[in-house]
Peer 1: 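Below you'll find the structure I mean.
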There are 2 protein chains.
Amino acid sequence: MSRTPHHPTREQIELPTVLDCLSDPIRLAIVYQLAQQERVSSELCCGDFSALAGKSNLAYHFAKLRECGLMLTRVAGTNRFMRLRREDLDARFPGLLNAVINSAARDAGRLQPLFECETVGAEGS
Amino acid sequence: MSRTPHHPTREQIELPTVLDCLSDPIRLAIVYQLAQQERVSSELCCGDFSALAGKSNLAYHFAKLRECGLMLTRVAGTNRFMRLRREDLDARFPGLLNAVINSAARDAGRLQPLFECETVGAEGS
DNA sequence: TCCTATGTTCAACGCTTATTGAACTATCGA
DNA sequence: TCGATAGTTCAATAAGCGTTGAACATAGGA
């Protein structure tokens with residue numbers, strides 16, 4: 001079995017695919033939470049998103065986010081740690097990710113209860 | 001029959017809906033052409049997009065773009081003139097529309113032959 | 001070793017979407 | 001008035017999407 005799941009190269013990242021991925025409220029919430037986590041410069045693992053959907057449903061959305069080039073998955077033991085592909089996205093589509101995240105932040109209230117579950121602050125070793 | 005088709009108010013424009021609308025290559029091409037046309041400060045009508053798809057299919061995509069708040073339709077005789085809702089979009093999601101259009105411009109080559117049909121320069125009255 | 005926790009994969013379902021052609025509506029010009 | 005033009009609406013089709021639970025794989029700890 002593949003140790004590390006498949007990721008597209010920077011050049012393989014496509015605009016319509018990225019926009020389609022971001023148009024789902026659950027995936028938008030995942031990206032939003034990953035963006036919050038960027039400021040703490042640590043990663044999140046699947047379980048940290050359990051408030052958003054069931055396990056298998058999350059795995060489905062994670063795969064979509066990975067395959068479209070929005071995020072990166074690192075396997076460590078039984079955990080999968082994830083972070084945004086900030087550099088690649090900014091290189092391919094300058095300003096896009098920030099515009100989306102800022103827009104999501106503005107609308108956090110109206111974007112479901114999905115955005116109210118603050119997950120920042122995991123890892124309390 | 002309604003003289004003017006339905007448009008959402010500025011406050012009714014939703015981020016996931018807008019992103020979903022932009023994720024379709026044909027609709028992205030329509031928005032892109034409308035953005036080009038902005039610089040000439042004139043409008044385009046349905047027929048100007050006939051290279052992108054058939055008439056009824058275009059009507060479907062126009063309705064989607066209108067209902068999600070991306071564009072505005074003005075009825076004039078048998079024509080429907082359309083333009084981007086630039087002000088409303090910039091107010092709701094600052095930087096988003098420009099980021100998408102710039103990204104589309106960068107990828108114009110790889111985004112189908114849809115982006116090669118330059119339609120600018122209509123209205124030669 | 002066995003048990004548990006983490007996460008993926010699979011098949012199934014119901015729903016939405018894009019696309020098509022045909023029929024229809026409405027306006028303009030001769 | 002008649003015909004042509006511009007665009008919408010409708011019904012039908014095929015393909016794709018999100019969600020679910022059950023089964024599976026893998027790693028870590030007792």
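Just so it is clear: chains get the letters A, B, ... in the order the sequence lines come, proteins before strands, and each one is counted from 1.
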Peer 1: Taking only the side-chain heavy atoms of B:Arg80 (C-beta and beyond), determine which of D:dT8, D:dG18, C:dT17 contains the nearest atom.
Peer 2: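 Given the options D:dT8, D:dG18, C:dT17, the side chain of B:Arg80 is closest to D:dT8.
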
Peer 1: Within this structure, what is the CG-to-P distance between A:Asn57 and C:dA11, rounded to whole angstrom?
Peer 2: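 Atom-to-atom, A:Asn57 to C:dA11, this comes out as 18 Å.
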
Peer 1: Under 3.5 Å, side chain of B:Asp24 to main-chain N/O of B:Ile26, donor-acceptor pair present?
Peer 2: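 The answer is yes, because a donor-acceptor pair under 3.5 Å joins these two groups.
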
Peer 1: Taking for each residue the nucleotide of DNA chain D with the nearest heavy atom, is it A:Ala76 or B:Thr73 whose nucleotide lies nearer the 5' end?
Peer 2: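 Upstream on the strand: B:Thr73.
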
Peer 1: With DNA chain D as reference, determine whether A:Gly54 or B:Asn79 sits nearer its 5' end, using the nearest nucleotide of each.
Peer 2: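 Nearest nucleotide further toward 5': that of B:Asn79.
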
Peer 1: So, the side chain of A:His7 versus the backbone of A:Pro5: is there a donor-acceptor pair under 3.5 Å, distance only?
Peer 2: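 At least one qualifying donor-acceptor pair exists.
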
Peer 1: Give every pair of a protein N or O atom and an N or O atom of nucleotides 22-24 of chain D that lie under 3.5 Å apart, one pair per line with the distance.
Peer 2:
none

Peer 1: Please verify the inter-ring angle class for A:Phe62 with A:Phe49; under 30° counts as parallel, over 60° as perpendicular, anything in between as tilted.
Peer 2: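 Taking A:Phe49 first and then A:Phe62, their aromatic rings stand perpendicular (interplane angle over 60°).
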
Peer 1: Do B:Arg80 and B:Thr73 have side-chain N/O donor and acceptor atoms under 3.5 Å apart?
Peer 2: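 Looking only at side-chain atoms, B:Thr73 and B:Arg80 do not form any donor-acceptor pair under 3.5 Å.
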
Peer 1: Tell me the interatomic distance from A:Leu19, atom CG, to D:dC17, atom C1', rounded to whole angstroms.
Peer 2: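 Taking CG of A:Leu19 and C1' of D:dC17, I get 17 Å after rounding.
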
Peer 1: Checking contacts here: which listed nucleotide (C:dT9, C:dA18, C:dG7) is nearest the side-chain heavy atoms of A:Ala59?
Peer 2: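 Closest nucleotide among those given: C:dT9.
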
Peer 1: For A:Met71 and C:dG7, what is the distance between atoms CE and P respectively, to the nearest whole Å?
Peer 2: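 Interatomic distance, CE of A:Met71 to P of C:dG7: 11 Å.
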
Peer 1: Please check the phosphate of C:dT17 (OP1 and OP2 only) for any side-chain N or O of B:His61 closer than 4.0 Å.
Peer 2: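 No, because none of the side-chain N or O atoms of B:His61 sits under 4.0 Å from OP1 or OP2 of C:dT17.
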
Peer 1: How many Å lie between CE on B:Met82 and C1' on D:dA6, as a whole number?
Peer 2: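 The distance from CE of B:Met82 to C1' of D:dA6 comes to 12 Å, rounded to the nearest Å.
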
Peer 1: Let me know the distance between CG of A:Leu52 and P of D:dT19, rounded to the nearest Å.
Peer 2: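 To the nearest whole Å, that distance equals 11 Å.
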
Peer 1: Distance check needed: D:dG7 C1' versus B:Asp48 CG, whole Å only.
Peer 2: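 Rounded to the whole Å, the gap is 13 Å.
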
Peer 1: With no hydrogens and no angle check, is any side-chain donor or acceptor of A:Asp48 less than 3.5 Å from a backbone partner on A:Cys45?
Peer 2: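 Confirmed, A:Asp48 side chain pairs with A:Cys45 backbone.
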
Peer 1: Measure from the side-chain N and O atoms of A:Arg83 to the backbone N and O of A:Leu34, and report whether any donor-acceptor pair falls under 3.5 Å.
Peer 2: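 The answer is no, because no donor-acceptor pair under 3.5 Å joins these two groups.
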
Peer 1: Which of the following nucleotides, C:dT19, D:dT19, D:dA27, is nearest to the side chain of A:Thr78?
Peer 2: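 The answer is D:dA27, which lies nearest to the side chain.
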
Peer 1: Can you check whether B:Cys21's main-chain N or O pairs, donor with acceptor, with B:Arg27's side chain at less than 3.5 Å?
Peer 2: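 A pair under 3.5 Å: yes.
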
Peer 1: Nearest whole Å is fine: how far is D:dT9 P from B:Leu58 CG?
Peer 2: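 My rounded result for the distance is 14 Å.
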
Peer 1: Would you mind reading off the distance between A:Phe81 atom CZ and C:dT6 atom C1', rounded to a whole angstrom?
Peer 2: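 Interatomic distance, CZ of A:Phe81 to C1' of C:dT6: 11 Å.
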
Peer 1: Here's a test of your reading of the structure: between B:Tyr60 and A:Phe62, which maps to the more 5' nucleotide of DNA chain C?
Peer 2: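 Per heavy-atom nearest nucleotide, the more 5' residue is A:Phe62.
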
